Amino acid sequence: MSKNPAVLRSKKITVEFSGFKAINELDFQVNRNTVHFVIGPNGAGKTTLLDVICGNARASKGSITFNEKYELAKMSENEIVHRGISRKFQAPSVFAHLTVFENLEIAMKQKKTLRSILRAKMTKEEEQKLTDMLDLIGLTSEKDKSAGSLAHGQKQWLEIAMVLMQEPDLVLLDEPIAGMSKQERIKTGELITKIAKERAVLIVEHDMDFVKDYADVVTVMHEGQLLFEGSMEDVQKDPKVREVYLGRKVDADAEVTGT
Ligand SMILES: Nc1ncnc2c1ncn2[C@@H]1O[C@H](COP(=O)(O)OP(=O)(O)OP(=O)(O)O)[C@@H](O)[C@H]1O
């Protein structure tokens with residue numbers, strides 16, 4: 001499907017909760033330079049998939065290999081971040097009383113204490129890195145504002161930037177456009193496209209218009225398994241997907257809009 005090399009491969013991964021298989025022998029692959037969406041009905045196992053990749057849930061069977069050499073199932077959450085996988089959760093968790101710039105500074109020097117970070121002088125390279133990041137997320141003119149005063153979308157972009165400061169090869173995003181305006185959604189889509197030029201981005205999303213506009217690859221999950229994978233165009237045409245997911249969504253949307 002893609003000529004880009006794999007950054008993550010799962011083989012027959014299973015995640016159980018009291019015997020219930022939230023993920024059931026899933027074979028799955030994410031490639032570099034790819035915007036890869038995971039969609040599916042409620043309870044399909046999408047969040048659990050992100051959880052098991054970042055070490056927040058444990059697999060009872062199977063393997064997940066990162067960059068062809070690291071076995072994630074055996075690593076702690078911290079080790080996984082250190083190897084190059086960073087996740088942004090749905091709710092923003094920036095330091096509201098600090099400035100945008102200071103938030104990025106902290107993200108860059110994760111291991112030090114807050115006080116030592118804010119007192120230490122930055123190198124030219126570090127300053128350049130922060131300047132480039134502010135430019136990437138479109139918050140250069142907001143850099144001295146407190147993060148708490150930012151609009152919802154801006155907070156989300158700041159948090160994406162904080163994740164990027166860790167220089168991950170794989171970024172995990174949980175419904176990144178939830179609660180955003182139309183303009184903010186477009187800016188987020190453009191930001192994700194840019195981010196994926198140098199790494200892989202794996203996104204759990206329910207908004208099909210957003211998926212259609214920005215996906216390179218779409219995985220459809222159902223009952224803890226892979227139901228279909230391909231371009232959004234192929235996903236929309238697939239009869240199985242229409243039956244268990246998109247068909248239902250179309251019906252529900254028609255009811256809401258009265259069409
Ligand atoms: N910690 C847990 N303990 C018990 N069951 C869980 C736990 N986490 C998830 N599950 C169950 O596993 C299944 C998959 O859940 P998951 O949250 O991964 O689905 P999802 O596809 O992300 O759904 P949604 O779109 O509603 O967020 C669900 O049936 C859920 O109830």
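Note: hydrogens, waters and symmetry copies are ignored here, and every other heavy atom, side chains too, is used. All residue numbers in this chain count up from 1 along the given sequence. None of these values were measured; they are calculated from a predicted model. In each ligand, atom 1 is the first atom listed, and ligand 1 is the first ligand listed.
- Hydrophobic clustering (ILVMFWY, side-chain heavy atoms < 4.5 Å, transitive): Met165 and Leu139 are in one cluster.
- Nearest protein heavy-atom neighbour of atom 21 (O) of ligand 1: Lys46 NZ, 2.7 Å.
- For the pair His206 and ligand 1, a heavy-atom separation below 4.0 Å is found.
- Side-chain contact check for Ile195 versus Leu164: some heavy-atom pair is nearer than 4.5 Å.
- Using 4.0 Å as the threshold, Pro41 has a heavy atom nearer than that to some atom of ligand 1.
- Annotation: Phe17 places no N or O atom under 3.5 Å from an N or O atom of ligand 1; distance criterion only.
- What sits closest to atom 18 (O) of ligand 1 on the protein, heavy atoms only, is Thr48 OG1, 2.5 Å.
- Atoms of ligand 1 lying under 4.0 Å from any heavy atom of Ala44, numbered from 1 in the order shown and given with element: 19 (O), 20 (P), 21 (O).
- Regarding atom 27 (O) of ligand 1, its nearest protein heavy-atom neighbour is Thr47 OG1, 3.8 Å.
- From the protein, the heavy atom lying nearest to atom 30 (C) of ligand 1 is Phe20 CE2, 4.7 Å.
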Apply side chain to side chain contact (heavy atoms under 4.5 Å, CB included) to Asp51 and Arg87, showing your working. CA-CA 9 Å; Asp51 285 346; Arg87 177 174 182 179; 2.7 Å; yes
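- By the 30° and 60° cut-offs, the orientation of the rings of Phe95 relative to His97 is perpendicular.
- Between the side chains of Ser76 and Glu79, at least one donor N or O lies within less than 3.5 Å of an accepting N or O.
- A salt bridge is absent between Lys212 and Asp207: the closest approach of a Lys/Arg side-chain nitrogen to an acidic carboxylate oxygen does not fall below 4.0 angstrom.
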One pair to check against side-chain hydrogen bond (donor to acceptor under 3.5 Å, both in side chains): Glu25 and Thr14. What are the steps and the verdict? CA-CA 5 Å; Glu25 303 213 343; Thr14 298; 4.9 Å; no
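- In terms of protein heavy-atom proximity, atom 14 (C) of ligand 1 is nearest to Gly43 O, 3.4 Å.
- Among protein heavy atoms, the minimum distance from atom 12 (O) of ligand 1 is reached at Ala22 CB, 3.3 Å.
- Aromatic pair His206/Tyr245: centroids not less than 6.0 angstrom apart.
- Checked by distance only, ligand 1 and Gly40 stay at 3.5 Å or farther apart across all their nitrogen or oxygen atoms.
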